[in-house]
Amino acid sequence: TMPREPALLRQNILDTTAAVLACGVDPKKCLLFRQSLVPEHAELAWILGCLTNVPRLLRLPQWKMKRTSQNNEGTVGLLTYPVLQAADILLYKSTRVPVGEDQVLHLELAQDIAQQFNKKYGEFFPVPKAILSEL
């Protein structure tokens with residue numbers, strides 16, 4: 001949600017990929033891909049954003065905290081990031097999503113968006129459930 005230097009961003013993507021592989025994730029057993037190369041994430045985020053009201057996003061505590069740290073000049077990207085997260089989850093019709101306590105409200109937003117979409121257009125997205133653990 002903050003502007004980044006392109007070269008640093010590219011290096012961070014490579015470093016993160018290396019870290020994931022170093023942790024033992026086997027690319028022969030799972031699919032690794034660069035999300036930014038899949039346009040459907042942004043396309044679905046746009047569609048879901050058209051179903052999500054602004055007051056709901058403004059109530060999210062992460063928005064309030066980050067906006068404060070940005071001198072009350074929170075960006076549209078910061079405001080709509082939870083909708084992108086919902087698109088990331090719903091695009092793959094995920095049913096179970098591992099989240100930390102700090103992301104429960106964002107998952108609840110994804111659940112609400114899925115239900116709203118299904119009500120308007122018919123059953124399409126499963127409503128994802130949280131997998132919470134101490135890890």
Side-chain angles (χ1 to χ4, degrees):
T1 60
M2 299 294 293
R4 302 280 183 225
E5 288 295 321
L8 180 60
L9 181 58
R10 281 189 292 278
Q11 188 59 51
N12 287 346
I13 291 168
L14 294 174
D15 292 347
T16 300
T17 303
V20 167
L21 294 172
C23 288
V25 172
D26 185 349
K28 293 177 185 169
K29 295 181 180 178
C30 68
L31 181 64
L32 292 177
F33 63 94
R34 195 163 126 194
Q35 179 179 318
S36 60
L37 297 178
V38 181
E40 288 85 356
H41 285 269
E43 292 165 359
L44 183 57
W46 171 257
I47 293 167
L48 300 180
C50 292
L51 296 173
T52 307
N53 68 50
V54 173
R56 172 73 191 277
L57 297 175
L58 291 172
R59 287 193 302 268
L60 292 170
Q62 288 87 342
W63 161 257
K64 292 176 184 176
M65 290 185 323
K66 293 267 185 156
R67 190 186 70 179
T68 300
S69 71
Q70 294 177 6
N71 298 321
N72 289 321
E73 295 182 9
T75 64
V76 171
L78 178 62
L79 182 65
T80 60
Y81 181 72
V83 178
L84 177 61
Q85 283 183 306
D88 296 343
I89 294 165
L90 299 176
L91 182 63
Y92 298 98
K93 297 191 173 184
S94 303
T95 57
R96 311 272 298 162
V97 181
V99 294
E101 287 291 333
D102 63 328
Q103 292 298 309
V104 169
L105 292 176
H106 285 187
L107 184 62
E108 288 175 359
L109 177 68
Q111 293 168 335
D112 292 347
I113 290 172
Q115 291 168 339
Q116 185 177 355
F117 186 96
N118 292 343
K119 184 177 178 183
K120 188 170 184 80
Y121 298 108
E123 290 298 315
F124 188 76
F125 294 118
V127 177
K129 303 218 180 325
I131 298 174
L132 290 169
S133 82
E134 293 178 20
L135 301 176

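Everything numeric here is computed off the predicted structure, so don't read it as measured data. Residue indices begin at 1 and follow the sequence shown.
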(message) The criterion is side chain to side chain donor-acceptor pair (under 3.5 Å); which residues satisfy it with Asp15, sequence neighbours excluded?
(response) Gln11
(request) Decide whether Tyr121 and Leu48 are clustered together by the hydrophobic rule: side chain heavy atoms of Ile, Leu, Val, Met, Phe, Trp, Tyr closer than 4.5 Å, transitively. (result) yes
(message) Tell me which pairs pass salt bridge (charged side-chain N to carboxylate O under 4.0 Å, His left out) where either residue lies in residues 93-106, with sequence neighbours left out.
(response) none
(request) Using atom types as modelled and distance alone, determine if a side-chain donor or acceptor of Gln115 lies under 3.5 Å from a backbone N or O of Val127. (result) no
(message) Which label fits His106 and Tyr81: parallel for a plane angle under 30°, tilted from 30 to 60°, or perpendicular past 60°?
(response) perpendicular
(request) Please tell me if the side chains of Ile89 and Leu107 come closer than 4.5 Å, counting only heavy atoms from C-beta onward. (result) yes
(request) Look at the side-chain heavy atoms of Ile, Leu, Val, Met, Phe, Trp and Tyr, link any pair under 4.5 Å apart, and say whether Ile131 and Leu105 land in one connected group. (result) no
(message) Is there a side-chain contact between Leu90 and Phe117 in this structure, where contact means two heavy atoms from C-beta onward sitting under 4.5 Å apart?
(response) no
(request) Could you tell me the separation between the CZ atom of Arg59 and the CG atom of Leu109, rounded to the nearest 0.5 Å? (result) 10.0 Å
(request) Hey, could you give me each pair passing salt bridge (charged side-chain N to carboxylate O under 4.0 Å, His left out) that has a residue in residues 109-132? Not counting sequence neighbours. (result) Arg56-Asp112
(message) Please find the pair of heavy atoms, one from Ser94 and one from Pro126, that lie closest to each other, and give the distance.
(response) O-CG, 4.0 Å
(request) Determine whether Leu57 and Ile47 fall in the same hydrophobic cluster, where Ile, Leu, Val, Met, Phe, Trp and Tyr are linked whenever their side-chain heavy atoms lie under 4.5 Å apart. (result) yes
(request) Decide yes or no on side chain to side chain contact (heavy atoms under 4.5 Å, CB included) for Val83 and Leu51, but give the supporting numbers first. (result) CA-CA 10 Å; Val83 178; Leu51 296 173; over 6 Å; no
(request) Kindly compute the distance separating CD (Glu108) from CD1 (Ile113), expressed to the nearest 0.5 Å. (result) 12.0 Å
(message) As a quick check of understanding, evaluate side chain to side chain contact (heavy atoms under 4.5 Å, CB included) for Phe125 and Leu44, giving each step before the final call.
(response) CA-CA 12 Å; Phe125 294 118; Leu44 183 57; 4.0 Å; yes
(request) Kindly work out whether a path of hydrophobic side-chain contacts (I/L/V/M/F/W/Y, heavy atoms less than 4.5 Å apart) joins Ile13 to Phe33. (result) no
(request) Please say which of Val97, Thr95, Val99 ends up in a side chain to side chain contact (heavy atoms under 4.5 Å, CB included) with Pro128. (result) Val97
(request) Side-chain contact test, heavy atoms from C-beta onward, threshold under 4.5 Å: evaluate it for Leu21 versus Leu32 and give yes or no. (result) yes
(request) Flag yes if Leu31 and Val25 sit in one hydrophobic cluster, no otherwise; membership is Ile, Leu, Val, Met, Phe, Trp, Tyr, and two members link when side-chain heavy atoms are under 4.5 Å apart. (result) no
